[in-house]
Every structure is written in structure tokens, then in C-alpha cells.
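Right, one structure below, let's go through it.
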Amino acid sequence: MEKVINFLANDMQLLDAYSTAITSVVSKTSDAVVHVEVQKKIINPRTKKEELRPASGSGFIISSDGFIITNNHVIDEAESITITLSTGQKLNAELKGTDPSTDIAILKVYTSELNCLTLADSSHLQVGQIAIAIGNPYGLQQTVTAGIISATGRTLRATNGRLIDDVIQSDAALNPGNSGGPLVNSVGEVIGINTAIINEAHGICFAVSSNLANNVAGQIILYGKIKRAQLGIAGQTINLSQRMISVNNLAKNTGVYVFEKIADADASNRFIFVGDIIVEFAGSPVGSVDNLFKLLNEKTIGKLLTIGVLRNGRKELISVVPGEIK
């Protein structure tokens, strides 16, 4: 009996420690979590007339002067955006910029004495560590769920077709309305922006990593947009023959087939021909369109670079200068 009592006492201590960690994080962070309410124009299927329909999500304050992160899909095509603070105060929000490719949007409100959250370095995350989600599912403000990080380095398809890299998977329960809210660690730092759930699955939720969100937010605040490079081509992923792979000593068994050159694209691509298969970009192997998109980042804009293409079955190195996507 004494062993059972000791076991239960130890169990209670563990529970108390876990509870203390969660409640401490919530008390430090919840004031910076906001409710995002929008009005979107839709066509009523019954009347065929345009009307406004409300929608909502979550967000969180990242600076004391009123910058807020949320999801792009929360505010996409919104006619108006209203923020409700934890105090109940409602404020009109200004949209500063969006990035559909990472599902991030930045809002701005004009008020003083705002609490804000710190973005952690998500490269140090470990599978199994505590993950706490705070948001407004179904409009129920300041709802808290907790779990663990199930995996890191996942990818997620954005609404515009691009892959979002460096996605965090957790089992902290999310529901409609949690989108845009923070996923925080045990010291109250943001490790991700909650963005998606798999409806058919149980306990599988996703968040854009804080490192990716930090980069995107910084560019939007500075430039009002995200800078990305382009080659001025249209391409598709194709399989390569074993002969092509072995003769050219390729690292991947797929490449990007160029089926169109875009005449008015901001890029120097005159050495790329329709029919080329791109297999290398600035020394890195290319196996897919998604892979090429990832390599075409803001650092490559305007730089003279070398790409490898298969032409008549043989690899050739050619020069390009990527332009900026407008």
C-alpha cells in the first residue's frame, strides 16, 4: 500500500509540474493573442447575388507598435478586418502584406501598450517537446490546447500550389478558428503559426515554423511583399531515363522540363531553350519544380548563376540571371 501511495504522490507531482508549466505559459502569452474577424464578399448560391459573409481566425502581436501575424487564408479577399484584443477592445486592422506561398499575412493596428510574443529559433526544436496552441476556435476566444511536437521538417501544399517547407507537426488540438494563432514552447516563445489540420486524421496538426514566419514577416514589414526569384520559364517535373542519369552522373532521377519561355519575364534566360531539362541550379541538384522554387530565393535575384540542363541527352552548363517575381 505504501508503494502505491508513493507512486500516486509522485504522479501528482508530475501532473502539478506539467500543469504549472502550461498555466505559466498561458499567463505570459494569452494577452498577445487576438481574435481576427473579417467580412468577405461571396456569391449567394441561392440568390446569385453578392453579399458579405463573416469569417474569423486567430493571430498574435509581434511588436509593441501593433504588427500582428495571422494566416493568409484567414484574411484572403477580406473587405474589412477587425481585431479583438484579450481585453475585449475591438480595433480596425490594416493589411500590410501577404504571402500565399507560406500562408502568412501581416496586419497592423494603431494603439499603445500592447503585449507581444517572441519568435523562437525553430531550428532547435525536438520531437517530443511540449507544444501549446492558443487561439479562437469557433470564435471561443483564448482557448488553450496542449500536446507535443510530433515531427519537424514536414512540407505542406499552399493554396497557390507551392510547397511550404519547414512545417511543424504537433498533436495540440486545432479546430476552425485556430488558424493564425501561435504554437508556443514551454517558456512562452512562438515556435510556429498554426495553419492546418487533416480532417480525416486525429491528432495531426500543422504549423508554419517560427524561423520561416520570422523571415516572411520581416520582408513584408520592410517591403510590403516577399521577394522571390524567377527564371521566366514554365516547367514540369519529368522522369529521367537510367541512361541519362548514369551518363551524366546525376544525383536525382527527375528533372524540370522547360515547355515555355515567358517573353516579358524579368530574367535573363536567353541560353535556356524549350525542351531543356533543368537538373542543376547554382551547384545544387534539381529534381522537381518545387525543388527549383526553393532554390530561387531572394538572394539569387540579379545574380549571374550557372544552371545545368540536359540537351540532346547530355548535360550542359549555361548562364542565367534570375529576375524578381512582380
Decide if atom NZ of K40 counts as having more than 12 heavy atoms of other residues, nucleotides or ligands within a radius under 6.0 Å.
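Counting other residues, nucleotides and ligands, NZ of K40 exceeds 12 neighbours.
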Okay, side chain of [X], backbone of [Y]: is any donor-acceptor separation there less than 3.5 Å?
X: S58; Y: G177; result: yes
X: K108; Y: D65; result: yes
X: T254; Y: G287; result: yes
X: S268; Y: V321; result: no
X: N44; Y: T47; result: yes
X: S122; Y: N211; result: yes
X: N194; Y: L174; result: no
X: N185; Y: G188; result: yes

Using the rule given for salt bridge (Lys or Arg N to Asp or Glu O under 4.0 Å), can you reason through K252 versus E280, listing the C-alpha separation, both sets of side-chain angles and the distance that settles it, and then say yes or no?
CA-CA 10 Å; K252 296 181 179 288; E280 184 180 299; over 6 Å; no
Nearest heavy-atom pair of [X] and [Y]: which atoms, and what distance?
X: L91; Y: L85; value: CD1-CD1, 4.0 Å
X: I193; Y: A213; value: CD1-CB, 3.1 Å
X: I262; Y: I233; value: CD1-O, 3.8 Å
X: I148; Y: D171; value: N-OD1, 2.7 Å
X: A229; Y: I325; value: O-CD1, 3.7 Å
X: L52; Y: E79; value: CD2-CG, 3.7 Å

Shared hydrophobic cluster, [X] / [Y] (ILVMFWY, side-chain heavy atoms < 4.5 Å):
X: V33; Y: V208; value: yes
X: I238; Y: I245; value: yes
X: V286; Y: V289; value: yes

Are side-chain N/O atoms of [X] and [Y] paired as donor and acceptor at under 3.5 Å?
X: T195; Y: D103; value: yes
X: D290; Y: S288; value: no
X: S101; Y: N160; value: yes
X: S179; Y: H73; value: yes

Quick one: [atom1] on [X] to [atom2] on [Y], what's the gap to the nearest 0.5 Å?
X: K227; Y: N297; atom1: NZ; atom2: CG; answer: 12.5 Å
X: S210; Y: L119; atom1: OG; atom2: CG; answer: 6.0 Å
X: E316; Y: N248; atom1: CD; atom2: CG; answer: 10.0 Å
X: T306; Y: F281; atom1: OG1; atom2: CZ; answer: 10.0 Å
X: I149; Y: L125; atom1: CD1; atom2: CG; answer: 4.0 Å
X: F67; Y: I61; atom1: CZ; atom2: CD1; answer: 12.5 Å

Using the side chain to side chain contact (heavy atoms under 4.5 Å, CB included) definition, which of the options I130, V184, V144 pairs with V25?
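Exactly one option meets the side chain to side chain contact (heavy atoms under 4.5 Å, CB included) with V25, and it is V184.
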Close side-chain approach of [X] to [Y], heavy-atom, < 4.5 Å:
X: E51; Y: K49; value: no
X: V309; Y: I277; value: no
X: L231; Y: I278; value: yes

Begin with the C-alpha distance, continue with both residues' side-chain angles, and end with the deciding distance and a verdict on side chain to side chain contact (heavy atoms under 4.5 Å, CB included) for Y110 and N92.
CA-CA 8 Å; Y110 296 89; N92 292 327; over 6 Å; no
Mind jotting down which residue pairs meet the salt bridge (charged side-chain N to carboxylate O under 4.0 Å, His left out) criterion with at least one end in residues 86-102? Sequence neighbours excluded, please.
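Counting only pairs at least two positions apart or across chains, the salt bridge (charged side-chain N to carboxylate O under 4.0 Å, His left out) contacts touching residues 86-102 are E37-K90, E94-K96, D99-R228.
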Looking at R311, K315, R314, which one forms a salt bridge (Lys or Arg N to Asp or Glu O under 4.0 Å) with D276?
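Of R311, K315, R314, salt bridge (Lys or Arg N to Asp or Glu O under 4.0 Å) with D276 is met by R311 alone.
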Verify side-chain hydrogen bond (donor to acceptor under 3.5 Å, both in side chains) between D165 and T155, making sure each step is shown before the conclusion.
CA-CA 5 Å; D165 294 306; T155 56; 5.6 Å; no
